[in-house]
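A short write-up of the structure that comes next.
Atoms within a ligand are numbered from 1 in the order they appear, just like the ligands themselves. Computed from heavy atoms alone, side chains included, the values below leave out hydrogens, waters and symmetry copies.
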Amino acid sequence: MRCLLLLASLGLVAAENGLNAWLRYAPLPRGTYSHVSLPSDIIALNSSQTSPVYTAGQELAKGFEGIFGKHVSVSHKASKASSCLVVGTIDEYEKSYGKLKNAPELKDDGYWLSNKGSTIQILGQNERGALYGAFQYLSMLAQGDFSKVAYASSPATAARWVNQWDNMDGSIERGYGGASIFFSNGLVVDDLTRAGDYARILASIGVNTVVVNNVNANVTTLSTENIKGLGRIADVFRPYGVQLGLSLNFAAPNTSGTAIPPIGTYDPLDPKVVAWWTNMTELIYDAVPDMAGYLVKADSEGQPGPLVYNRTLSDGANLFARPLQPHGGIVMFRAFVYNLLNESDWKADRAKAAVDFFKDLDGKFEDNVVIQIKFGPIDFQVREPTSPLFANLFKTPTAIELEVAQEYLGQQCHLVYLPPLWKTVLDFDLRVQNKPSLVRNIISGERFNHKLGGTVAVVNVGTNTTWLGSHLAMSNLYAFGRLAWNADQDPQDILQDWIRLTFNGNPTVVDSITQMSMESWPAYENYSGNLGIQTLTDILFNHYGPRAASQELNGYAQWTRADHDSVGMDRTLKNGTGYSRQYPDEIYNMYENIDTTPDNLLLWFHHVNWTHQLHSGKTVIQHFYDAHYDGSNMAQTFVPTWETLKGKIDNERYNDVLFRQTYQAGHSLVWRDSIVNYFHNMTSIPDKHGRVGNHPWRIEAEDMELDGYKVYQVNPFEAASNANAIVTITNSTTGTATTKLKFESGTYDFAVNYFDQIGGKATWKAYIDDRLVAEWIGNMEDTLGHAPSPYLDSSSAIRKTWHGVKIKKGDTLKIVGKADGIEPAGVDYVSFLPKGIVD
Ligand SMILES: *[C@@H]1O[C@H](CO)[C@@H](O)[C@H](O)[C@H]1NC(C)=O
Ligand SMILES: *[C@@H]1O[C@H](CO)[C@@H](O)[C@H](O)[C@H]1NC(C)=O
Ligand SMILES: *[C@@H]1O[C@H](CO)[C@@H](O)[C@H](O)[C@H]1NC(C)=O
Ligand SMILES: *[C@@H]1O[C@H](CO)[C@@H](O)[C@H](O)[C@H]1NC(C)=O
Ligand SMILES: *[C@@H]1O[C@H](CO)[C@@H](O)[C@H](O)[C@H]1NC(C)=O
Ligand SMILES: *[C@@H]1O[C@H](CO)[C@@H](O)[C@H](O)[C@H]1NC(C)=O
Ligand SMILES: *[C@@H]1O[C@H](CO)[C@@H](O)[C@H](O)[C@H]1NC(C)=O
Ligand SMILES: *[C@@H]1O[C@H](CO)[C@@H](O)[C@H](O)[C@H]1NC(C)=O
Ligand SMILES: *[C@@H]1O[C@H](CO)[C@@H](O)[C@H](O)[C@H]1NC(C)=O
Ligand SMILES: *[C@@H]1O[C@H](CO)[C@@H](O)[C@H](O)[C@H]1NC(C)=O
Ligand SMILES: *[C@@H]1O[C@H](CO)[C@@H](O)[C@H](O)[C@H]1NC(C)=O
Ligand SMILES: *[C@@H]1O[C@H](CO)[C@@H](O)[C@H](O)[C@H]1NC(C)=O
């Protein structure tokens, strides 16, 4: 056995634009591995270039080259002479090397990894498993972990799926990281390089299927030309062991544009419809012989489904399940079915819908149907109780649907590390029949004895080199895969692996990013919506900025029922919607009773007075005020925390993230002020600490002397400080606002809150006594890569800060704004902040 001792040489540093995500294979610092012997040869036991085992060999070689600057050749024939690292399936290994001692028990896709003997063994239960083992080994090496290990690892859930909501025109529903990497102009794109890169990233975290098209599915995905295109996508996925999945439109048999002519109906029990889907399924499998299956959103938010024909949802799911069976495919059938409701009905409750629709269908689904359930009963809110549907289906396998796309959670413009939120559900014990019933053991199939089960995430990867539009948001994708493999892991441990792989192992880097990330969800919850009231975003429009009133008086039933005296949804059985009764007894009892309901879900389950005292001792309203101040203060700290990394990571990513954290710090203040002003206005209850509505360092723009600017009443009122802003008189003119400064002479941070709308690039300049102190442009649509709003509202509201601005009492501040496009150079207020004050 000749395992060469390493001769260190540094590899090239790749451009740090995020494209390689956590698979950078960056050179380890010299000297940290001089004691380590590396293999002289890699033997990958499959020579077919489409084999994940072949890919594993290439990936290992690439890793050795990058991490250690060492070229290791790959061969494909088993050889005993030089067998320093063997990667392959267990079957192939045993054919050449004899029975593996202590052969491990592996589930589908599992692997055995051992570097203890003279040969490093990376052996999969199947080909994909071998690749997963290789990525795991590389992850250790890239983190400088040279410990001796020998263990078997198998995934907890069989279906580890990503759902991309990509449209055929190339847009992505809830996409914040560029356009689709799969589709453009109604067709599959020609250049699928990024699709292959994506498969590589996903394989490294054990994801085995990508549903490439939106759940709100367009029938043209099933045109003859696009089915061919799907075949090409599957071809680039295959070497990574990633399978293709497809979202279907239930009405496709009644719609033209697909490869099979329409038949005038889509009734799931009509034999013609059955034949249509059988034929369609065959056509798809001709192009994609290893397709994983279908994802179906039916009778949901305007999508067609079986209820149109008075058939059941199980009839609908089984329609697709049957033709998939000969191919081993599965149907992921979404439980997101609800009707619009009327708020004047105290007992109406959308949270009850999934159980109401699905409970009685348990046992009526084909074996290859999995019910895909959002983690909470509403829709990816900042905090929700665990969906009770997990405790109501015993004969049907289930999958949890998570969202890496930060739809309601800052849209990748705010840092929100989501695994701590996901874990509140994955680790929740539903106590079915008074027995331990953790959600993670339900979806794995363990609790109710199913082979199938799944962990699914909606992901909005796009053409941006950062994939998600934000470097730090990628920790959510990484952690999703890790938790789908094994949900019994600590979010912080996962995060730190990600940090070391994505940036480096410098302790300051690891500590700083850990601190920011671990505080980020609690901070976001604090400044968006706390005590279980849900994320108070604009739910009727962009799901981004604050707009508390949008929860009310519409059929979406995300009501807060807030009024002058009281707030919260009464979901008790005794006096409310009865939602609490959908849980097994122990959980029902906990939530039914206000004393045993945790504060963080109080307003989800109970309707209380604003002066109701929490377990913490505070009143509900004072908690609102405090939490919004605390959360936004925490978001301010992310900026200096990040700044400790200057010089410790590459400049490109340092600057990208600094920009976003600065943005978040400003927008968290918009959140804070909107929500506290809204409820202060509603309740007339003062903040005990006197902060709400009291801003001594601000100058309202509408109070300045205006020329070419006019006062604009912002809607909703709480989106602007003091309800008003200024805008230029026309969309193509310049306005000037001036005022004499009354603050004491000194050095201040100068902050401007203004409005950056999509659809224009207004420019602003600020002068102090004719000295230019600040100059900026309304180009967030480019710099943030995501344009939150075309309106003057709490989504376009933004802050910029200039540090160390010197003023003298009596100086004249002048702001000159020049409109552009639809953007009338709006300004809300400016602040002169003494050191240490943020307001
Ligand atoms: C090699 O890989 C190809 C492609 O995945 C597969 O079809 C074949 O069965 C593999 N061969 C062996 C011996 O595992
Ligand atoms: C389906 O996609 C085609 C091609 O991009 C587009 O023209 C059509 O408007 C889409 N249909 C729907 C309902 O979105
Ligand atoms: C089926 O398609 C026809 C023609 O477009 C349409 O008139 C009919 O309403 C459709 N049926 C259903 C149930 O949507
Ligand atoms: C399905 O395919 C069969 C065999 O090619 C054909 O006879 C039948 O008409 C097709 N049915 C539909 C609804 O497409
Ligand atoms: C479904 O049932 C309702 C109520 O019984 C009836 O009004 C409607 O016509 C039925 N629809 C179909 C497509 O059969
Ligand atoms: C809701 O119910 C109330 C009282 O029954 C009724 O006045 C109102 O019109 C309903 N609203 C809608 C949108 O149906
Ligand atoms: C990625 O997004 C950033 C903004 O977040 C933008 O500046 C950059 O140009 C985008 N790059 C690509 C390749 O789309
Ligand atoms: C009980 O429900 C009614 C509405 O039906 C509501 O007005 C009342 O406040 C509730 N009582 C309590 C004690 O929550
Ligand atoms: C809630 O407030 C209302 C109106 O001020 C009052 O009548 C009621 O007694 C309060 N309820 C509780 C439980 O404090
Ligand atoms: C969230 O707000 C609560 C209540 O004010 C506070 O105790 C907690 O420290 C805050 N946490 C963060 C991260 O803002
Ligand atoms: C609430 O805000 C509205 C709109 O700005 C204003 O007219 C009203 O006076 C405010 N009420 C209180 C109590 O602050
Ligand atoms: C001017 O701005 C207003 C408000 O944003 C917008 O409605 C209007 O379309 C804009 N006009 C032009 C010419 O862009």
Query raised in the report: Should H607 be counted as touching ligand 8, given the test is an N or O pair under 3.5 Å?
Result: no
Query raised in the report: Any idea which residues sit under 4.0 Å from ligand 6, heavy-atom distances?
Result: N342, S344
Query raised in the report: Are the aromatic rings of Y625 and H689 close, with centres under 6.0 Å apart?
Result: no
Query raised in the report: Are F380 and Y408 close enough that their ring centers fall under 6.0 Å?
Result: no
Report task. May I have the step-by-step check of side chain to side chain contact (heavy atoms under 4.5 Å, CB included) for D570 and W346, ending in yes or no? Result -> CA-CA 8 Å; D570 187 341; W346 184 258; 3.6 Å; yes
Query raised in the report: Hey, are N575 and T572 close enough side-chain-wise for a donor-acceptor pair under 3.5 Å?
Result: no
Report summary line: ring pair (Phe, Tyr, Trp, His ring centres under 6.0 Å) with W764: of F755, Y754, W802, only one passes, and it is Y754
Report task. Check whether any side-chain heavy atom of L614 sits under 4.5 Å from a side-chain heavy atom of T619, and report yes or no. Result -> no
